[in-house]
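Not measured: the values here are computed from a predicted model. Position 1 is the first residue of the sequence; numbering continues from there.
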Amino acid sequence: MKAIQIGERVEIVAMPEGSFYKKVKGIVTEIKNGFVTVQADEVMSKWGNEYKKHPSTCSTAGRIENVIIL
């Protein structure tokens with residue numbers, strides 16, 4: 001399996017429990033201590049089932065095992 005790198009487009013398929021989002025897509029900005037930080041441009045609300053464009057920049061993170069490269 002290819003290692004995730006800064007600058008790649010990824011999807012976080014499982015967000016932390018307290019997040020407003022179920023999933024996010026965006027560009028990796030940092031990888032540290034088992035977490036991947038993403039500048040999200042598409043988000044899926046934990047109350048919805050489809051992606052929506054995020055109106056501004058949104059930095060969020062997820063566990064590396066919950067991240068897939070797009």
Side-chain angles (χ1 to χ4, degrees):
M1 186 164 121
K2 182 182 172 213
I4 297 168
Q5 304 215 357
I6 291 173
E8 287 187 299
R9 183 160 177 78
V10 298
E11 178 179 24
I12 303 176
V13 296
M15 295 296 292
E17 190 175 316
S19 177
F20 289 115
Y21 305 120
K22 187 186 308 184
K23 299 179 181 182
V24 301
K25 292 180 184 177
I27 304 299
V28 176
T29 58
E30 184 178 33
I31 303 164
K32 187 176 182 181
N33 298 327
F35 285 86
V36 176
T37 303
V38 172
Q39 193 69 37
D41 53 26
E42 292 183 73
V43 296
M44 183 183 296
S45 164
K46 67 180 176 181
W47 302 281
N49 286 316
E50 45 184 76
Y51 275 101
K52 306 232 184 226
K53 290 282 185 193
H54 198 278
S56 63
T57 57
C58 174
S59 184
T60 190
R63 297 185 63 78
I64 199 163
E65 62 266 20
N66 296 328
V67 178
I68 57 171
I69 300 169
L70 297 176

Pairs under 3.5 angstrom only: tabulate donor-acceptor contacts from the side chains of residues 63-70 to other protein residues two or more places apart or in another chain.
unit_1	atom_1	unit_2	atom_2	d
Arg63	NE	Glu65	OE2	2.7
Arg63	NH2	Glu65	OE2	3.4

List in chain and number order the residues that pass salt bridge (charged side-chain N to carboxylate O under 4.0 Å, His left out) with Glu30, two or more places apart in sequence or in another chain; answer none if no residue qualifies.
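If we apply the salt bridge (charged side-chain N to carboxylate O under 4.0 Å, His left out) test to Glu30, skipping adjacent residues, there are no hits.
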Single-linkage hydrophobic cluster, 4.5 Å side-chain cutoff, Val10 and Ile6 together
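Yes, Val10 connects to Ile6 through the hydrophobic network.
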Under a single-linkage definition using a 4.5 Å side-chain heavy-atom cutoff for Ile, Leu, Val, Met, Phe, Trp and Tyr, are Val13 and Ile27 assigned to the same hydrophobic cluster?
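Val13 and Ile27: separate clusters.
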Pairwise salt bridge (Lys or Arg N to Asp or Glu O under 4.0 Å) hits with a residue in residues 53-62, at least two apart:
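For residues 53-62, and leaving out neighbouring residues, there are no salt bridge (Lys or Arg N to Asp or Glu O under 4.0 Å) pairs at all.
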Pairs satisfying salt bridge (Lys or Arg N to Asp or Glu O under 4.0 Å), at least one member in residues 16-29, at least two apart
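Applying salt bridge (Lys or Arg N to Asp or Glu O under 4.0 Å) to every pair that reaches into residues 16-29, excluding sequence neighbours, yields nothing.
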What donor-acceptor contacts under 3.5 angstrom involve side-chain atoms of residues 32-47, with partners at least two apart or in another chain?
unit_1	atom_1	unit_2	atom_2	d
Asp41	OD1	Arg9	NH1	3.1
Asp41	OD1	Arg9	NH2	3.2
Asp41	OD2	Arg9	NH1	2.9
Glu42	OE2	Arg9	NH2	2.7
Ser45	OG	Trp47	N	3.0

